Amino acid sequence: MRNMKNYRSVAGLVFAAALTACVGEKNAVQELTAANPVSAIRFFNFSVGAPSVNFYANDMKMTAIVSTNGSESTVGTAYGAVGSGGYYSGIAPGQYTLAGKISATTDKDRPISTLAVPIANGKYYSYYLSGFYNTTTKTTESFIVEDVLPAMDFSVAYVRFVNAISNSSPMVLSVKNQTSGVVTVIGSGVGYKSASTFVALPVGLYDIGTRVPGAVADAITRIDVSFSPGSVYTIGARGDMTVTSATATTRPILDNTANR
């Protein structure tokens, strides 16, 4: 499970007005024009076989990694990772073209996917590179979902399911509380490029799995997933459903990333 992230409220997203580590660097993360962005977005590289990327909103670089010498690293956000360590980036409302651009020296800044989307005032979003990377065209698919975060409640945790596997059937997420044995089903059949709503769960340790509605066996499983009080989580499915290896990086995996 990813380390729990400290939630940053809209009011606290003023850091996004100074995202650059080295102001004036040619390849530094660019400043956003709004002094106090009131919307937020984060970025996932869940495209199987995709290279590492930096994420952009129009010409604004939203994610990047700074090397030890202060310049931009070519590492970027690798497959299976979330940009900016899983944190949201502040962004002003408006119309944007979101893109993942290759971070390596070869094909530097070549976009592998673009998506034109409106960003609404005061809303939160997650942008995913998804499906399979085409090594011939050097392109992949992408999609965006709105993160409708529930009100703060320290008596429960909230969980939702996002499906980023292009060769999967619609799936439901089942979570089994290891203490009580109670199983909660999340989503009624979440298709590719879709998300369920957030569901409240008792705080605790869970075993989780996804399956096609009506099936008796899980298609993807993960054990010992901890859901903490007051926290909100997205369980994201990524990988290739045809891979049966228990160790391959392209196998179907359930990612757990905290929204707050």
Side-chain angles (χ1 to χ4, degrees), residues 1-9 12 40-46 63 77-89 124-128 130 145-165 168 171-190 194-212 215 217-239 241 243 245-260:
M1 186 186 79
R2 299 184 185 279
N3 292 331
M4 181 62 187
K5 307 294 189 301
N6 290 326
Y7 176 64
R8 297 185 177 186
S9 66
I41 188 169
R42 61 181 182 168
F43 301 90
F44 294 75
N45 184 351
F46 279 9
T63 70
T77 302
Y79 169 66
V82 190
S84 301
Y87 287 113
Y88 284 94
S89 295
Y124 286 67
Y125 300 89
S126 291
Y127 173 67
Y128 291 81
S130 62
V145 294
E146 184 183 347
D147 301 345
V148 185
L149 303 180
M152 191 74 73
D153 184 347
F154 285 95
S155 67
V156 296
Y158 284 89
V159 177
R160 74 166 176 184
F161 175 51
V162 171
N163 187 351
I165 304 180
S168 73
M171 297 182 290
V172 297
L173 174 70
S174 296
V175 297
K176 181 179 180 180
N177 188 295
Q178 290 186 357
T179 301
S180 68
V182 173
V183 176
T184 302
V185 175
I186 298 175
S188 59
V190 178
S194 299
S196 74
T197 58
F198 287 100
V199 174
L201 295 173
V203 173
L205 195 63
Y206 286 80
D207 296 334
I208 65 176
T210 61
R211 66 178 63 179
V212 176
D218 286 329
I220 320 172
T221 60
R222 182 171 174 172
I223 63 172
D224 299 333
V225 179
S226 180
F227 297 137
S228 301
S231 298
V232 179
Y233 301 90
T234 292
I235 305 297
R238 60 178 171 87
M241 294 300 294
V243 175
S245 167
T247 57
T249 57
T250 56
R251 71 190 186 280
I253 291 174
L254 294 177
D255 173 271
N256 181 25
T257 299
N259 295 76
R260 70 167 183 235

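These numbers were taken from a predicted model, which means no experiment stands behind them.
- For the pair D207 (side chain) and D224 (backbone), a donor-acceptor distance under 3.5 Å is present.
- Note that the CD1 atom of I41 and the OG1 atom of T63 stand 10.5 Å from one another [nearest 0.5 Å].
- Listed by chain and residue number, V145, R160, V162 satisfy the side-chain contact (heavy atoms from CB on, under 4.5 Å) test with A195 (two or more places apart in sequence, or in another chain).
- Between the T77 side chain and the N45 main chain, no donor and acceptor come within less than 3.5 Å of each other.
- Taken to the nearest 0.5 Å, the CE atom of M171 stands 11.5 Å off from the OG atom of S196.
- Residues S174 and V183 share a closest heavy-atom pair of CB-CG1, 4.1 Å.
- Once rounded to the nearest 0.5 Å, the distance linking CE of M241 with CZ of R251 reads 13.0 Å.
- Annotation: side chain of T210 is in contact with side chain of L254 (closest heavy-atom distance under 4.5 Å).
- With values rounded to the nearest 0.5 angstrom, L205 atom CG is found 12.5 Å from K176 atom NZ.
- Looking at S84 and S89, their side chains come closer than 4.5 Å, going by heavy atoms from C-beta outward.
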Applying side-chain contact (heavy atoms from CB on, under 4.5 Å) to Y206 and L201, what does each step give before you reach the verdict?
CA-CA 10 Å; Y206 286 80; L201 295 173; 3.7 Å; yes

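- Of all the heavy atoms in S228 and Y233, the pair that sits closest is N-OH, 2.9 Å.
- Residues S126 and D147 bring a donor and an acceptor atom of their side chains to less than 3.5 Å of each other.
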When you look at N256 and F227, which way does the side-chain contact (heavy atoms from CB on, under 4.5 Å) test go after all the steps?
CA-CA 10 Å; N256 181 25; F227 297 137; 4.1 Å; yes

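- Using a 3.5 Å distance cut-off with no hydrogens or angles, the side chains of N259 and T234 do pair a donor with an acceptor.
- The shortest heavy-atom contact between V243 and A248 is CG1-CB, 3.9 Å.
- The CE atom of M152 sits 8.5 Å away from the OG atom of S231 when rounded to the nearest 0.5 Å.
- With contacts defined as side-chain heavy-atom distances shorter than 4.5 Å, the pair R260/Y88 does not qualify.
- Atom CZ of residue F46 and atom CG of residue N163 lie 11.0 Å apart, to the nearest 0.5 angstrom.
- With respect to I186, the side chain to side chain contact (heavy atoms under 4.5 Å, CB included) criterion is satisfied by exactly one of V159, I208, I235: V159.
- Annotation: side chain to side chain donor-acceptor pair (under 3.5 Å) contacts of S155 (sequence neighbours excluded): D153.
- Nearest heavy atoms, G239 versus I165: O-CG2, 3.3 Å.
- Across S188 and V172, no two heavy atoms sit closer than the pair C-CG1, 3.5 Å.
- Of all heavy-atom pairs between A237 and F161, the closest is CB-CE1, 3.7 Å.
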